[in-house]
Amino acid sequence: MNDKVAVQNTEFVERFRDAFDEMVVYKDLKKSNFISSFKLPSFMRDWVLKRFQDEDGTLDIDNATEFIRQFIPKKDGWKDIINRVVNHHEHVRFLAKISVNIDIKTQTVSFELPDFGLVYKDTVIPQDIWEQYSTELLKSEENWGIVELGYQPPMSAKEPGRIMLMSFQDFCPYVVDLDEFKYAREDFSLSEWIDIILGAVDYNASGYENTDRKLAVIQRLLPFVEKGINLMELAPAGTGKSYLFGQVSRYGWLVSGKVTRAKLIYDIGKKKDGVVAIRDYVALDEIREAEYMKDTEIQSALQAIMENGKYRAPDNHEVTVNAGIVFLGNISSSAMSEYQNMFSELPKPFHQPQFLDRIHGFIKGWDLPRMTDDLKVCGWALNSEYFATVLHELRDDPTYRAIVDEMVVLPKGADTRDTEAVKRICTAYLKLLFPNVRTAKDISVREFKRYCLQPSMDMRGIIRIQMGYADEKHAGQTVPNFTIKEADEE
């Protein structure tokens with residue numbers, strides 16, 4: 001594979017746009033500073049870009065800016081919205097994240113807008129509105145869309161006024177066809193496909209010096225596409241990990257700063273599952289300084305979730321989790337080596353082999369260059385919202401794991417956790433890099449080993465080495481040498 005990537009050429013662009021049609025958008029993050037100033041996540045930004053972009057990728061800046069100001073309010077504009085709705089009886093429409101609650105006792109339906117602090121007790125969805133929009137509002141635990149708010153005045157002293165939902169327009173205006181996405185992979189070489197993935201998550205492929213650097217970035221997408229992958233990444237500051245986990249996909253959640261057990265795992269008072277139960281992954285940033293990692297209940301909950309995807313709360317409620325748990329942290333350059341104890345400055349759980357054993361793989365963040373303007377996408381790329389939705393839906397496709405189970409030969413006496421870690425990561429690589437593969441015969445042994453199996457073993461191997469530093473009885477233990485069974489010939 002050619003490691004040197006040229007600037008997009010006309011032939012590639014035509015082939016790319018033909019394969020993905022409306023899902024391609026022109027991104028130039030160096031020049032889109034006016035959109036950056038609004039601090040939109042990339043999945044929302046691309047939606048706006050596509051809406052106000054012509055066939056040549058030229059953006060109508062004035063109308064795009066006006067749309068953002070009108071439909072994507074900042075948090076400090078929330079009081080103005082409430083004033084217009086409550087005191088002036090206006091109907092106000094804007095883009096927001098919404099979740100609904102059905103009260104069993106009263107048969108009423110309410111909603112909340114978590115980003116603006118609007119909670120269930122202050123809202124209502126009238127029955128006729130619920131019947132009209134319930135399908136869209138029940139697609140997932142939280143949904144993005146254009147909400148239209150109105151006001152229901154107080155009915156009596158016991159019936160206070162409430163914010164009403166008047167209409168809802170789903171944020172995703174298209175249906176993702178996974179088969180089309182998989183089929184499109186056939187039109188591109190592996191080198192081109194890697195570049196397409198990078199562009200989809202806002203990186204400029206030509207800014208990387210070789211393929212290994214590109215693949216180092218793609219490691220971060222593993223929990224986006226496969227259920228229950230637990231990872232750790234330690235890196236110098238400025239390599240973009242917080243951006244990728246926090247801005248690219250609406251299906252993930254980045255914790256930066258404080259978080260409570262109720263928000264993260266389960267709220268006993270509200271009988272409500274935390275974000276680990278409703279997101280595809282939860283990335284815990286700045287773990288070296290994270291006070292919540294000192295909470296023994298959070299530690300035990302995370303350990304249980306990483307082990308079997310379940311956690312039983314003190315009230316006996318069972319939280320079922322498909323999310324991957326990703327630990328992120330910055331370390332000094334002197335500690336950036338898997339052949340020394342990298343976790344000495346981290347909280348107590350990372351000094352315990354039984355906790356580390358449940359982390360499937362390690363990302364060497366020092367293999368990624370510091371983020372610069374040269375690494376920001378500039379050119380035709382996949383809509384981030386579309387790509388993130390594809391990865392989300394691929395999580396439910398069992399075909400790839402079946403292929404991995406068929407191809408990977410287990411060494412005698414292989415540790416179960418090693419086996420599951422390697423296979424789970426391997427499956428995610430297969431989905432990301434070879435989504436068109438439907439049987440074991442569709443991929444060469446060489447490519448499967450180079451791009452799926454070997455990196456999975458390497459990532460798990462680092463965790464094994466660090467377990468040895470945590471407890472000397474694990475010292476010297478390594479990941480078994482998994483081999484590959486070649487597909488039978490017809």
Side-chain angles (χ1 to χ4, degrees), residues 41 114-115 219-220 222-224 228-249 251-268 273-307 309 311 313-314 319 321 323-336 338 340-366 368 371 459 462-463 466-467 469-470:
D115 290 339
Q219 284 183 99
R220 290 173 170 169
L222 297 172
F224 288 57
I229 286 185
N230 308 314
L231 300 177
M232 170 177 273
E233 177 181 345
L234 298 180
T239 58
K241 57 184 181 300
S242 299
Y243 176 83
L244 193 82
F245 287 108
Q247 300 293 318
V248 170
S249 174
Y251 299 101
W253 197 61
L254 175 72
V255 177
S256 184
K258 297 179 180 180
V259 68
T260 63
R261 277 175 281 163
K263 179 68 173 178
L264 184 63
I265 311 292
Y266 175 65
D267 190 323
I268 295 179
D273 290 351
V275 292
V276 293
I278 62 175
R279 298 300 180 110
D280 287 356
Y281 64 84
V282 174
L284 305 175
D285 201 5
E286 300 174 351
I287 54 172
R288 187 170 64 177
E289 296 83 19
E291 288 295 319
Y292 58 83
M293 286 304 299
K294 298 178 183 178
D295 186 320
T296 56
E297 290 190 36
I298 287 183
Q299 293 174 22
S300 61
L302 289 176
Q303 187 163 312
I305 287 167
M306 291 192 295
E307 173 66 18
Y311 167 70
V319 181
V321 179
I325 307 299
V326 184
F327 301 102
L328 305 172
N330 296 328
I331 58 174
S332 61
S333 58
S334 61
M336 295 178 191
E338 63 263 46
Q340 66 183 64
N341 187 348
M342 295 186 288
F343 302 165
S344 59
E345 297 180 4
L346 300 184
K348 184 178 178 180
F350 302 102
H351 305 168
Q352 301 168 346
Q354 66 271 23
F355 190 89
L356 297 180
D357 203 8
R358 289 158 174 81
I359 300 174
H360 296 121
F362 184 91
I363 296 175
K364 295 192 289 185
W366 55 88
L368 283 77
M371 197 65 193
M459 291 176 70
I462 297 175
I463 295 297
Q466 293 303 305
M467 286 173 60
Y469 287 114

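What you are looking at is a predicted structure, and each value in this text was computed from that prediction instead of being measured.
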Among residues at least two apart in sequence or on other chains, which ones pass salt bridge (charged side-chain N to carboxylate O under 4.0 Å, His left out) with [X]?
X: E307; result: R358, R417
X: R288; result: E345
X: D273; result: none

Which atom pair, heavy atoms only, marks the closest approach of [X] to [Y]?
X: T239; Y: G365; result: CG2-O, 4.1 Å
X: V319; Y: A277; result: CG1-CB, 3.9 Å
X: F343; Y: H351; result: O-NE2, 2.9 Å
X: L284; Y: Y292; result: CB-OH, 3.4 Å
X: V282; Y: V255; result: CG1-CG2, 4.1 Å
X: L231; Y: P223; result: CD1-CD, 3.7 Å

Is any side-chain heavy atom of [X] closer than 4.5 Å to a side-chain heavy atom of [Y]?
X: D357; Y: I463; result: no
X: Y311; Y: L302; result: no
X: M336; Y: L234; result: no
X: S334; Y: Q340; result: no

Point-to-point distance, once rounded to the nearest 0.5 Å, from [atom1] of [X] to [atom2] of [Y]:
X: Q299; Y: F350; atom1: CD; atom2: CZ; value: 9.0 Å
X: R279; Y: I325; atom1: CZ; atom2: CD1; value: 12.5 Å
X: K241; Y: L328; atom1: NZ; atom2: CG; value: 6.5 Å
X: L346; Y: E289; atom1: CG; atom2: CD; value: 9.0 Å
X: E286; Y: M293; atom1: CD; atom2: CE; value: 14.0 Å
X: I229; Y: I359; atom1: CD1; atom2: CD1; value: 13.5 Å

Legend entry - Any donor-acceptor N/O pair, H360 side chain to N230 backbone, under 3.5 Å: yes
Inset, instruction - Verify, without hydrogens or angle tests, whether Q219 (side chain) and K364 (backbone) share a donor-acceptor contact under 3.5 angstrom. - result: no
Inset, instruction - Pick out which of M342, Q466, E233 makes a side-chain contact (heavy atoms from CB on, under 4.5 Å) with F362. - result: M342
Legend entry - Among R261, K348, K258, the one residue meeting salt bridge (charged side-chain N to carboxylate O under 4.0 Å, His left out) with D295: R261
Inset, instruction - Kindly write out the residues that satisfy ring pair (Phe, Tyr, Trp, His ring centres under 6.0 Å) with Y251, not counting sequence neighbours, or none if the list is empty. - result: H392
Legend entry - ring pair (Phe, Tyr, Trp, His ring centres under 6.0 Å) involving Y281 - partner list, sequence neighbours excluded: F224, F245
Inset, instruction - Under the side chain to side chain contact (heavy atoms under 4.5 Å, CB included) rule, what do I363 and V326 come out as? Steps first, then yes or no, please. - result: CA-CA 10 Å; I363 296 175; V326 184; over 6 Å; no
Legend entry - With sequence neighbours excluded, residues passing side chain to side chain contact (heavy atoms under 4.5 Å, CB included) with S242: L254, D285
